**Student:** 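Have a look at the structure that comes next, please.
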Amino acid sequence: QVQLVESGGGLVQAGGSLRRSCVASGGTFSTYPLGWFRQAPGKEREFVAVIRRSHTTSYSDSVKGRFTLSRDDAKNTVYLQMNSLKPEDTAVYFCARFSSGSVVRATSWDYWGQGTQVTVSS
């Protein structure tokens with residue numbers, strides 16, 4: 001059974017940092033793009049970042065320059081380093097495995113973690 005388990009969420013002050021981890025199991029992940037989405041209350045799930053098999057990355061404009069995505073294929077783990085956090089980054093963050101289509105669409109991703117809360121206080 002495919003599972004994605006996230007850790008590293010929590011409460012942080014504006015300007016602070018958090019490091020998120022997502023460990024994958026039960027399937028093949030090293031050949032797939034992996035990434036993160038987030039969802040704030042009352043809003044749609046929003047693309048954050050993706051890292052491809054080649055380790056190239058893409059980010060949404062809202063996090064570019066502040067967030068860094070990396071992966072360790074030997075550990076089936078993807079890491080999201082979040083710096084210079086802002087209150088508008090407050091959301092539930094989900095890691096996911098890409099399937100096909102446009103990476104910015106949530107429907108293009110087939111496996112999801114359970115989601116963990118990140119709260120940035122002002």
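Keep in mind that what you see is a predicted model, and the values were worked out from it rather than measured. In what follows, residues are counted from 1 in the order of the sequence shown.
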**Student:** Once side-chain hydrogen bond (donor to acceptor under 3.5 Å, both in side chains) is applied, do any residues pair with Ser108, and if so which ones, sequence neighbours excluded?
**Tutor:**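 side-chain hydrogen bond (donor to acceptor under 3.5 Å, both in side chains) list for Ser108, sorted by chain: empty.
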**Student:** Which residues pass the salt bridge (charged side-chain N to carboxylate O under 4.0 Å, His left out) test with Arg71, sequence neighbours left out?
**Tutor:** Asp73
**Student:** What's the shortest heavy-atom distance between Thr119 and Gln117, and which atoms?
**Tutor:**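 Taking Thr119 first and Gln117 second, the nearest heavy atoms are OG1-NE2, 3.3 Å.
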**Student:** Between the side chain of Thr90 and the main-chain N/O of Val120, is any donor-acceptor distance below 3.5 Å?
**Tutor:** yes
**Student:** Donor-acceptor pair, distance only, cut-off 3.5 Å: does the side chain of Glu6 make one with the backbone of Gly115?
**Tutor:** yes
**Student:** State, with a plain yes or no, whether a side-chain heavy atom of Tyr59 is found less than 4.5 Å away from one of Val48.
**Tutor:**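 Side-chain contact under 4.5 Å: no.
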**Student:** Run Arg66 and Asp89 through side-chain contact (heavy atoms from CB on, under 4.5 Å) and show every step you take.
**Tutor:** CA-CA 11 Å; Arg66 300 187 296 121; Asp89 294 318; 2.7 Å; yes
**Student:** With a 4.5 Å cut-off on side-chain heavy-atom distances among I, L, V, M, F, W and Y, is there a chain of contacts connecting Val12 to Leu80?
**Tutor:** yes
**Student:** Go through the structure and list residues passing side chain to side chain contact (heavy atoms under 4.5 Å, CB included) with Glu88, not counting sequence neighbours.
**Tutor:**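 Expected list: Lys86.
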**Student:** Do Leu4 and Trp36 belong to the same hydrophobic cluster, where Ile, Leu, Val, Met, Phe, Trp and Tyr are linked whenever their side-chain heavy atoms lie under 4.5 Å apart, directly or via other members?
**Tutor:**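 Yes, it is one cluster - the side chains of Leu4 and Trp36 are joined through contacts under 4.5 Å.
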**Student:** Is there a side-chain contact between Thr77 and Phe29 (heavy atoms, below 4.5 Å)?
**Tutor:** no
**Student:** Which residues pass the side-chain hydrogen bond (donor to acceptor under 3.5 Å, both in side chains) test with Ser102, sequence neighbours left out?
**Tutor:**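 Listed in chain order: nothing, the list is empty.
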**Student:** List the atom of Ala91, the atom of Ala40, and the distance in Å for their closest heavy-atom pair.
**Tutor:**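 So the two residues come closest at CB-N, 3.9 Å.
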**Student:** For Gln3, what residues pass the side-chain hydrogen bond (donor to acceptor under 3.5 Å, both in side chains) criterion, not counting sequence neighbours?
**Tutor:** none
**Student:** Applying side chain to side chain contact (heavy atoms under 4.5 Å, CB included), can you list everything that pairs with Ser62, at least two apart in sequence or on another chain?
**Tutor:**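 Testing Ser62 for side chain to side chain contact (heavy atoms under 4.5 Å, CB included), a comparison that skips the adjacent residues, returns Arg38, Glu46, Ser60.
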**Student:** Do any pairs count as a side-chain hydrogen bond (donor to acceptor under 3.5 Å, both in side chains) and have a residue in residues 18-27, sequence neighbours left out, and if so which ones?
**Tutor:** Arg20-Thr116
**Student:** For Phe37 and Trp112: C-alpha separation, side-chain torsions, deciding distance, then whether ring-ring contact (aromatic ring centres under 6.0 Å, His included) applies.
**Tutor:** CA-CA 10 Å; Phe37 278 69; Trp112 294 83; 5.2 Å; yes
**Student:** Are Val5 and Tyr32 connected in a single hydrophobic cluster, I mean Ile/Leu/Val/Met/Phe/Trp/Tyr linked by side-chain heavy atoms less than 4.5 Å apart?
**Tutor:**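 No, no single cluster joins them.
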**Student:** According to a 4.5 Å side-chain heavy-atom criterion applied to Ile, Leu, Val, Met, Phe, Trp and Tyr, with indirect links allowed, do Val50 and Met82 form part of one hydrophobic cluster?
**Tutor:** no
**Student:** Quick check for you: to the nearest 0.5 Å, what is the distance between Gln81 atom CD and Ser70 atom OG?
**Tutor:**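 Output value for this atom pair is 8.5 Å.
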**Student:** Can you name the salt bridge (charged side-chain N to carboxylate O under 4.0 Å, His left out) partners of Asp72, sequence neighbours left out?
**Tutor:**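 Asp72 satisfies salt bridge (charged side-chain N to carboxylate O under 4.0 Å, His left out) with no other residue.
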**Student:** How close do Asn83 and Ser17 get, counting heavy atoms only, and between which atoms?
**Tutor:** OD1-OG, 2.9 Å
**Student:** Taking only residues two or more places apart in sequence, or in another chain, which ones meet Thr31 in a side chain to side chain contact (heavy atoms under 4.5 Å, CB included)?
**Tutor:** Thr28, Arg53
**Student:** Main chain of Arg105, side chain of Thr107: is a donor-acceptor contact present, judged purely on distance under 3.5 Å?
**Tutor:**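 Not at all, since once roles are kept as given, no pair shorter than 3.5 Å links the two residues.
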**Student:** Identify, with sequence neighbours excluded, every residue that meets side-chain hydrogen bond (donor to acceptor under 3.5 Å, both in side chains) alongside Gln114.
**Tutor:**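 Per chain and number, Gln114 pairs via side-chain hydrogen bond (donor to acceptor under 3.5 Å, both in side chains) with no residue.
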**Student:** Can you list every pair that meets ring pair (Phe, Tyr, Trp, His ring centres under 6.0 Å) and has a residue in residues 75-105, with sequence neighbours left out?
**Tutor:**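 Output for this query lists Phe98-Trp109.
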**Student:** Check side chain to side chain contact (heavy atoms under 4.5 Å, CB included) between Thr56 and all other residues, then give those that pass, not counting sequence neighbours.
**Tutor:**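 Arg52, Ser54.
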**Student:** Apply the test side-chain contact (heavy atoms from CB on, under 4.5 Å) to residues Val78 and Leu69: give CA-CA distance (whole Å), side-chain angles for both, the deciding distance (0.1 Å), then the verdict.
**Tutor:** CA-CA 7 Å; Val78 60; Leu69 189 55; 3.4 Å; yes
**Student:** Report yes if the side chains of Leu18 and Val118 come closer than 4.5 Å at any heavy-atom pair, otherwise no.
**Tutor:** yes
**Student:** What distance do Ser121 atom OG and Leu85 atom CG have between them, rounded to the nearest 0.5 Å?
**Tutor:**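 Those atoms lie 10.0 Å apart.
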**Student:** So is Arg97 actually on top of Tyr111's ring, under 6.0 Å and inside 45° of the axis?
**Tutor:**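 No, Arg97 does not lie over the aromatic ring of Tyr111.
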